[in-house]
2 protein chains.
Amino acid sequence: MEKREPAADPGDASADEATSWQAQKSAATRNLIIESAIQCFVDLGYARTTTTRIAHAAGLSRGAMLHHFPSKMDVVKAAVDELHSKRLKAFRNSIKKAPPPGKGRVHVAVQAYWEHVRHPTFVAFFELTVAARTDPQLYAILEPAQAAFYDEWYRTAFEAFPEWQSDKEAFDLALDLSRYLLEGMAVSSLTHAEPAREQHLLEYLENQLRYLRPSTDLDAAAN
Amino acid sequence: MEKREPAADPGDASADEATSWQAQKSAATRNLIIESAIQCFVDLGYARTTTTRIAHAAGLSRGAMLHHFPSKMDVVKAAVDELHSKRLKAFRNSIKKAPPPGKGRVHVAVQAYWEHVRHPTFVAFFELTVAARTDPQLYAILEPAQAAFYDEWYRTAFEAFPEWQSDKEAFDLALDLSRYLLEGMAVSSLTHAEPAREQHLLEYLENQLRYLRPSTDLDAAAN
DNA sequence: TGCAAAAAAGTCAAAGGTGTTTGTAACCGG
DNA sequence: CCGGTTACAAACACCTTTGACTTTTTTGCA
């Protein structure tokens with residue numbers, strides 16, 4: 001066997017030169033396994049995701065995989081953590097690059113979350129959530145991540161939309177409405193997408209959010 | 001063993017006197033199996049529902065069960081049909097007994113669907129829907145029932161709320177909004193219920209529906 | 001009563017999944 | 001270059017699930 005370069009490390013490419021080659025490769029393999037697991041959740045669902053399939057998708061033997069993760073649940077745990085940080089990162093990014101100060105923010109924000117809930121990351125998380133309902137062990141792993149995400153989601157949104165801070169009740173309502181409606185649409189579209197109806201509802205939601213938004217002097221008729 | 005009366009037959013109690021006692025009992029057992037399967041979907045999720053557990057829940061041996069349903073998929077198919085007809089029946093009932101002609105109908109309708117999506121019947125259907133996303137065989141069984149339900153749902157609602165017939169676009173929007181929002185809330189509450197927020201959103205939804213409703217001469221300010 | 005048919009129960013092998021154990025090759029530090 | 005460690009692979013034993021097959025019990029009818 002020739003020596004292979006450790007594959008690119010998308011997770012946390014800590015290019016620490018002190019880290020040995022072995023450690024780099026190990027981390028790369030770990031990430032490969034995690035990504036494969038997530039892919040399996042999306043493609044096969046949680047129930048049909050077996051260690052055999054994950055290993056196969058990663059191009060490894062089961063033995064190799066169980067070297068990095070002693071049990072299946074260890075893989076799941078790592079995948080949950082990865083999904084959690086991915087969701088958070090994606091959300092922060094879209095918030096950060098999205099802020100034309102007072103103009104069209106509602107549209108951008110709605111589109112951002114709508115894209116998020118249609119992304120494979122959300123699908124994988126959703127699969128896990130459903131499975132966790134009847135699987136206490138998985139629930140114990142998933143619940144903290146879930147709670148932390150929505151907590152952070154709320155806080156970040158609150159800071160990113162200061163014009164709402166004068167009416168916290170309206171803000172909560174707007175956030176809940178957006179979240180439940182978009183997630184409901186996304187879940188439904190997993191098995192039966194209806195683009196036209198979805199588009200209508202997105203426009204409706206945006207209008208509702210503009211209506212709920214506390215009026216400031218600046219944006220009487222701003223989109 | 002004493003002879004047991006054939007259990008009450010909730011499914012299709014064709015009280016045909018010509019049907020022998022055996023046939024009655026057979027039908028009762030079939031229904032018992034179907035109900036047990038549905039219960040398993042709710043309690044364990046689709047993935048963990050095995051023939052052994054269904055039989056155990058029904059108080060039968062696996063052999064007896066496979067006498068009535070040669071394969072597991074046959075049970076699933078029967079359960080889907082039963083769930084479909086149950087949902088439809090429940091929906092029609094709540095529509096039928098719900099109509100104070102023009103007063104408070106929105107509230108009653110919203111509450112009715114909200115109760116429906118929190119009912120075990122919906123949970124079971126939801127479990128199947130999620131599993132079907134990555135299980136073509138199950139999808140083939142479920143999709144027709146799913147489509148038929150929403151089709152019927154739409155038609156029945158359209159007839160039951162004639163005051164909306166003047167603005168079909170608003171009607172569609174109102175129906176989609178209600179469906180996606182309530183289903184989104186229900187799905188979310190499966191793992192993490194938040195009664196206070198849910199209540200706020202229900203009130204909000206009702207107000208929105210009243211706002212969307214085409215105004216007639218009769219109910220300018222009717223709740 | 002006695003026999004045929006249906007219902008119910010029990011047994012079995014095959015397939016697939018999990019985790020453990022054992023084996024091999026590559027890397028690292030001295 | 002050598003002992004120890006790490007990455008990976010393969011084989012193994014155990015358990016679960018499924019569906020086919022066989023046997024026993026119960027019912028219907030002559």
Side-chain angles (χ1 to χ4, degrees), chain A residues 1-7 9 16-34 36-37 40-41 44-78 131 135 137-138, chain B residues 1-7 9 16-34 36-37 40-41 44-78 131 135 137-138:
Chain A
M1 308 287 174
E2 71 283 71
K3 46 173 84 173
R4 291 154 296 188
E5 287 278 313
D9 183 355
D16 194 356
E17 303 147 28
T19 56
S20 64
W21 193 79
Q22 258 191 21
Q24 277 188 15
K25 181 171 183 188
S26 177
T29 306
R30 273 183 64 95
N31 269 18
L32 182 61
I33 292 169
I34 292 172
S36 299
C40 284
F41 294 155
L44 309 167
Y46 178 76
R48 302 180 133 188
T49 296
T50 68
T51 54
T52 308
R53 286 197 224 247
I54 296 175
H56 182 76
L60 294 172
S61 70
R62 274 191 66 244
M65 185 184 127
L66 274 100
H67 168 70
H68 291 275
F69 300 96
S71 88
K72 186 186 180 182
M73 267 307 169
D74 292 320
V75 186
V76 172
K77 175 99 177 63
D135 184 337
Q137 210 183 345
L138 179 58
Chain B
M1 312 287 171
E2 71 280 75
K3 49 172 81 174
R4 292 155 296 190
E5 288 277 312
D9 183 354
D16 193 356
E17 305 153 25
T19 57
S20 62
W21 198 65
Q22 250 190 22
Q24 275 187 14
K25 181 173 182 186
S26 176
T29 305
R30 272 183 63 96
N31 269 18
L32 182 62
I33 293 170
I34 293 172
S36 299
C40 284
F41 294 155
L44 308 166
Y46 179 75
R48 302 180 131 186
T49 295
T50 68
T51 54
T52 307
R53 285 197 223 248
I54 295 175
H56 181 76
L60 293 172
S61 70
R62 280 190 63 248
M65 186 182 125
L66 270 86
H67 169 71
H68 290 276
F69 299 96
S71 89
K72 187 185 181 185
M73 267 307 168
D74 292 322
V75 185
V76 173
K77 174 103 178 63
D135 185 337
Q137 210 183 346
L138 178 58

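Per chain, numbering begins at 1; letters A, B, ... match sequence-line order. Being a predicted model, the structure only gives us computed values, none of them experimental. Hydrogens, waters and symmetry mates play no part in the numbers below; they use all other heavy atoms, side chains included.
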Rounded distance in Å - CZ (B:Phe69) to P (C:dA9): 15 Å

Strand-adjacent residues in residues 48-63 of chain B, judged by heavy atoms under 4.0 Å from DNA chain C: B:Leu60, B:Ser61, B:Gly63

Is A:His67 close enough to D:dA7 that one of its side-chain N or O atoms is under 4.0 Å from OP1 or OP2 there? yes

According to a strict under-4.0 Å criterion, is B:His68 in side-chain N/O contact with OP1 or OP2 of C:dA6? no

Test of understanding: with salt bridge (charged side-chain N to carboxylate O under 4.0 Å, His left out), list the residues that count as partners of A:Lys77, not counting sequence neighbours. A:Asp81

Atom-pair distance (CD1 on A:Ile33; C1' on D:dC8), nearest Å: 10 Å

Which residues satisfy the side-chain hydrogen bond (donor to acceptor under 3.5 Å, both in side chains) test with B:Ser61, sequence neighbours excluded? none

B:Leu66 CG - C:dA6 C1' separation (whole Å): 16 Å

Restricting to pairs with a member in residues 44-58 of chain B, which pass salt bridge (Lys or Arg N to Asp or Glu O under 4.0 Å), not counting sequence neighbours? A:Asp135-B:Arg48

Could you tell me whether a side-chain N or O of B:Asn31 sits under 3.5 Å from a main-chain N or O of B:Ala28, the two making a donor and an acceptor? no

Rounded to the Å, how far apart are B:Met65 CE and D:dT17 P? 13 Å

Can you check the A:Lys72 NZ to C:dG17 P distance for me, whole Å? 9 Å

So, using side chain to side chain contact (heavy atoms under 4.5 Å, CB included) as the criterion, who are the partners of B:Ala57 when residues are at least two apart? B:Ser36, B:Cys40

Residues passing the side-chain hydrogen bond (donor to acceptor under 3.5 Å, both in side chains) test with B:Thr51, sequence neighbours excluded, are B:Arg62

